[in-house]
A.B. asks: 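Can you keep this structure in mind? I'll have questions shortly.
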Amino acid sequence: RQCTQPGTTMVNLNSRRGATHNNNSHECITRVVQAFVLFTTSAIIIGYYYFLSSSLGSTENQNISVANDSVRGGNGMSGITSSDADQPLNKSNNNNKYGAKATIGYAVTVSGCPKDDGSHGDFGAGISDGAAVLQHSIHLNSIRNTSPQQPQQPQRHKSRYDYKMYALVHPTAESCARSALEPLGYEVLLRDDPVPVSEIEGDYLRTKVPSNGCCGEKEFVKLHAYALVQHPVVVHLDLDTLLLQPLDALYDVMIDGPPSDGSSGGIDVAFGDPLVSPSLSSGDGKINAFFTRDYNMAHRGMKHNGAQGGFLVLRPSLEVYDELVKIIRKGDFRQNGGWGGLGFGPFYGSMTFQGIIPYYYDHLHPGTGVELNHCVYNNMADNPRDKPTKNDIVNGNCRDGYNRPDTHDKCEDCRSRPFEDVFTTHFTLCQKPWECLPQNADRIQERLCRKFHAEWYRVREDLETNIWGRKKLTNEKDIVKERGGGYQVDHFRGYCKQHGKRGYIKVDLPTATG
């Protein structure tokens with residue numbers, strides 16, 4: 001039986017050397033070999049094509065690992081899993097089981113372990129208890145919350161967004177953070193300083209940053225939030241914060257773009273400024289960040305106010321992350337001029353997160369970041385003026401008016417803002433909830449703080465009873481007996497034995513939270 005078509009001459013693979021064979025059996029063997037080679041080559045090409053296609057679909061996910069492994073902080077953990085909540089979502093990719101518009105990444109940073117076994121400060125109870133209550137407040141303000149509105153709580157809008165929790169943990173804090181956060185549903189990502197201090201080129205920054213602000217160079221660990229590109233939006237919060245209302249309006253603007261009618265989209269922008277400034281807006285019109293400023297650090301002569309380090313809503317981007325790393329590595333922070341010598345410092349924390357964020361969004365990329373009203377977002381119940389308040393009478397000049405002559409004597413007192421208007425609070429000047437401070441003096445410095453603390457304890461109780469299945473108690477005697485705390489039970493809900501941090505009863509984590 002012929003292997004070749006009549007009149008066809010088979011050329012052997014060695015024909016390049018001029019060896020032509022007409023023997024039919026040889027032709028059959030040659031034909032089989034050629035077919036095998038052709039099939040194998042085609043399979044390789046097709047396989048490579050599908051490999052490229054799948055690689056393009058996961059490029060961002062791969063880049064997270066590459067980016068974090070190429071700087072100090074990489075352990076190969078990108079934070080990406082196969083669960084629904086981890087998949088990139090947007091308005092056209094609504095594939096999670098809750099039917100959410102998108103899944104927002106929420107990140108906290110743990111840069112060190114407590115120096116003692118107390119509950120004071122951002123550590124101690126702040127890791128486990130702060131993280132537990134913060135996570136539940138996010139849950140209550142997400143699409144997952146299907147429980148009916150409590151009658152005593154203000155009526156608030158339901159969220160259309162899901163959430164995923166991350167903890168950016170410095171390697172020195174793994175021993176205390178992992179065991180506290182993983183049972184709560186946080187995905188722990190070990191992340192070192194984006195740039196080793198020894199590699200910072202600027203002499204002044206290299207020598208001074210370790211002692212700057214609260215945490216020195218470890219404060220830069222927060223910047224790893226920019227690498228969570230599997231989410232359309234990431235919110236970085238300190239552990240001593242609490243979400244009081246959904247932030248959907250912020251997410252809508254970042255995902256869908258600013259309203260076409262020129263309105264603020266229901267967002268309370270600082271100073272009543274427009275959401276998008278025509279003179280500053282980026283070419284594509286996108287808003288890439290929302291933040292507040294810490295006017296408590298303001299002083300006369302300061303050119304630029306620092307960002308408040310406990311609240312940042314950002315658009316994840318490896319390009320932005322790489323640019324921030326380059327800025328740190330170059331280290332152009334000057335003793336009297338701050339970043340770039342342009343007045344972004346010196347102030348508390350100006351060498352790290354609090355200074356580099358405004359430098360990036362105000363100077364390098366103006367119009368892409370929006371300052372929010374700090375009485376509505378990240379409210380710290382702070383005195384807006386530079387002199388003490390006495391008998392509820394404010395004194396002095398407006399701290400936020402030093403560089404805004406138009407608002408020099410018109411600053412809002414965040415302590416007078418109705419609790420129902422606030423979206424997030426930050427326990428700084430109000431002190432930490434786990435210090436069992438009643439804040440019950442009838443003065444402006446404490447009234448709002450007491451409401452914030454009361455809400456923190458309400459959220460804790462809701463977590464323990466409605467999520468962890470512990471007893472729901474209403475009788476004061478039963479509360480004291482079951483929970484152990486008899487100090488101002490109506491306020492602390494049985495979690496404080498006495499005034500002060502030593503009276504606090506820490507959260508008893510369940511063996512499994514589901």
Side-chain angles (χ1 to χ4, degrees), residues 119-120 125-126 128-141 145 147-156 237-246 310 375-382 392 413-468 470-476 478-480 482-501 503-507:
S119 61
H120 183 68
S128 59
D129 296 37
V133 178
L134 172 60
Q135 185 272 344
H136 191 55
S137 75
I138 292 169
H139 174 84
L140 292 175
N141 288 285
N145 181 19
S147 60
Q149 189 97 30
Q150 295 296 322
Q152 70 273 23
Q153 296 302 311
Q155 292 297 315
R156 289 166 176 169
L237 298 167
D238 278 357
L239 286 168
D240 57 343
T241 59
L242 193 69
L243 190 61
L244 304 175
Q245 296 192 57
C375 293
V376 176
Y377 304 91
N378 204 31
N379 188 314
M380 299 188 294
D382 53 314
D392 286 2
D413 194 328
C414 296
R415 300 169 297 181
S416 297
R417 172 67 71 154
F419 172 80
E420 294 76 16
D421 292 352
V422 181
F423 280 76
T424 71
T425 183
H426 190 180
F427 296 103
T428 55
L429 297 172
C430 285
Q431 306 305 311
K432 314 306 177 192
W434 46 89
E435 293 180 358
C436 295
L437 302 176
Q439 304 276 10
N440 56 355
D442 186 19
R443 57 176 188 160
I444 194 172
Q445 291 93 325
E446 298 188 28
R447 294 187 196 106
L448 187 57
C449 287
R450 183 170 175 84
K451 293 180 180 179
F452 288 155
H453 281 213
E455 178 66 4
W456 192 91
Y457 280 94
R458 186 196 71 81
V459 173
R460 173 178 169 173
E461 182 181 57
D462 188 84
L463 169 64
E464 296 197 19
T465 57
N466 289 329
I467 303 299
W468 293 348
R470 293 172 183 168
K471 293 181 181 179
K472 294 184 179 181
L473 306 168
T474 57
N475 181 275
E476 181 173 325
D478 293 337
I479 292 174
V480 175
E482 184 72 22
R483 298 174 184 168
Y487 180 61
Q488 293 198 16
V489 177
D490 60 330
H491 181 67
F492 296 112
R493 298 175 182 258
Y495 301 120
C496 285
K497 295 181 291 185
Q498 63 185 41
H499 179 281
K501 64 180 182 179
Y504 180 70
I505 300 173
K506 292 186 66 174
V507 169

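The first residue of the sequence shown is numbered 1, and numbering continues consecutively from there.
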A.B. asks: Under 3.5 Å, side chain of D129 to main-chain N/O of V507, donor-acceptor pair present?
C.D. replies: yes
A.B. asks: Would you call E455-K451 a salt bridge at under 4.0 Å N-O?
C.D. replies: no
A.B. asks: Quiz question: by atom type and distance under 3.5 Å, do the side chains of H139 and N145 form a donor-acceptor pair?
C.D. replies: no
A.B. asks: Donor-acceptor pair, Q439 side chain versus C449 backbone, under 3.5 Å?
C.D. replies: no
A.B. asks: Could you tell me if the side chain of H136 sits less than 4.5 Å from the side chain of R460, heavy atoms only?
C.D. replies: no
A.B. asks: When D392 is tested against each of R443, R415, R447 for side chain to side chain donor-acceptor pair (under 3.5 Å), which residue passes?
C.D. replies: R447
A.B. asks: Give the minimum heavy-atom separation between L429 and A381, together with the two atoms involved.
C.D. replies: CD1-O, 4.3 Å
A.B. asks: Got M380 and C430 here, is their nearest side-chain heavy-atom distance under 4.5 Å?
C.D. replies: no
A.B. asks: Between CG of D413 and CD1 of I444, what distance do you get to the nearest 0.5 Å?
C.D. replies: 4.0 Å
A.B. asks: Apply side chain to side chain contact (heavy atoms under 4.5 Å, CB included) to N379 and L448, showing your working.
C.D. replies: CA-CA 10 Å; N379 188 314; L448 187 57; 4.0 Å; yes
A.B. asks: May I have the step-by-step check of side chain to side chain contact (heavy atoms under 4.5 Å, CB included) for L463 and W468, ending in yes or no?
C.D. replies: CA-CA 6 Å; L463 169 64; W468 293 348; 3.7 Å; yes
A.B. asks: Do NZ/NE/NH1/NH2 and the carboxylate oxygens of E461 and R483 come within less than 4.0 Å?
C.D. replies: yes
A.B. asks: Between CD of E482 and CG of N475, what distance do you get to the nearest 0.5 Å?
C.D. replies: 12.0 Å
A.B. asks: Side-chain contact, heavy-atom cut-off 4.5 Å: L242 with V133?
C.D. replies: yes
A.B. asks: Say you draw a straight line from NZ of K497 to CD1 of I505; how long is it, rounded to the nearest 0.5 Å?
C.D. replies: 5.5 Å
A.B. asks: Between Q431 and L437, which heavy-atom pair has the shortest distance, and what is it?
C.D. replies: CB-CD1, 3.7 Å
A.B. asks: Given the side-chain rings of Y495 and Y504, with only the six-membered ring counted for Trp, is the space between their centroids under 6.0 Å?
C.D. replies: no
A.B. asks: Ignoring hydrogens and geometry, is there a side-chain-to-backbone donor-acceptor pair from T465 to K472 under 3.5 Å?
C.D. replies: no
A.B. asks: Do the side chain of E476 and the main chain of V489 share a donor and acceptor less than 3.5 angstrom apart?
C.D. replies: no
A.B. asks: Could you give me the CA-CA distance, side-chain angles and deciding distance for L140 and D462, then say whether side chain to side chain contact (heavy atoms under 4.5 Å, CB included) is met?
C.D. replies: CA-CA 10 Å; L140 292 175; D462 188 84; 3.6 Å; yes
A.B. asks: F427 and H453: ring pair (Phe, Tyr, Trp, His ring centres under 6.0 Å), yes or no, with the steps?
C.D. replies: CA-CA 9 Å; F427 296 103; H453 281 213; 5.3 Å; yes
A.B. asks: Output the distance between atom CG (L244) and atom CD (E420), rounded to the nearest 0.5 Å.
C.D. replies: 10.5 Å
A.B. asks: For residues Q498 and C436, report the shortest heavy-atom separation together with the two atoms involved.
C.D. replies: O-CB, 3.5 Å
A.B. asks: Do side-chain atoms of E446 reach the backbone of N440 as a donor and acceptor pair under 3.5 angstrom?
C.D. replies: yes
A.B. asks: Can you name the nearest heavy-atom pair linking P418 to V422, along with the distance?
C.D. replies: O-CG2, 3.7 Å
A.B. asks: Could you report the tightest heavy-atom contact between D240 and W434, atom names first, then the distance?
C.D. replies: CB-CH2, 4.0 Å
A.B. asks: Measuring from I138:CD1 to T241:OG1, what's the distance to the nearest 0.5 Å?
C.D. replies: 7.0 Å
A.B. asks: How long is the straight-line distance from CG of N141 back to CD of Q245, given to the nearest 0.5 Å?
C.D. replies: 7.5 Å
A.B. asks: Does this structure show an ion pair linking E435 with K432, if we count only N-O contacts that are shorter than 4.0 Å?
C.D. replies: no
A.B. asks: How far apart are the C-alpha atoms of I479 and R493, what are their side-chain angles, what is the distance that settles it, and do they pass the side chain to side chain contact (heavy atoms under 4.5 Å, CB included) test?
C.D. replies: CA-CA 7 Å; I479 292 174; R493 298 175 182 258; 5.7 Å; no
A.B. asks: Please name the pair of heavy atoms, one in V376 and one in D421, separated by the smallest distance, quoted to 0.1 Å.
C.D. replies: CG1-O, 3.5 Å
A.B. asks: For F492 and Y457, take the angle between the two ring planes, folded into 0 to 90°, and tell me which bin it lands in: parallel under 30, tilted 30 to 60, perpendicular over 60.
C.D. replies: perpendicular
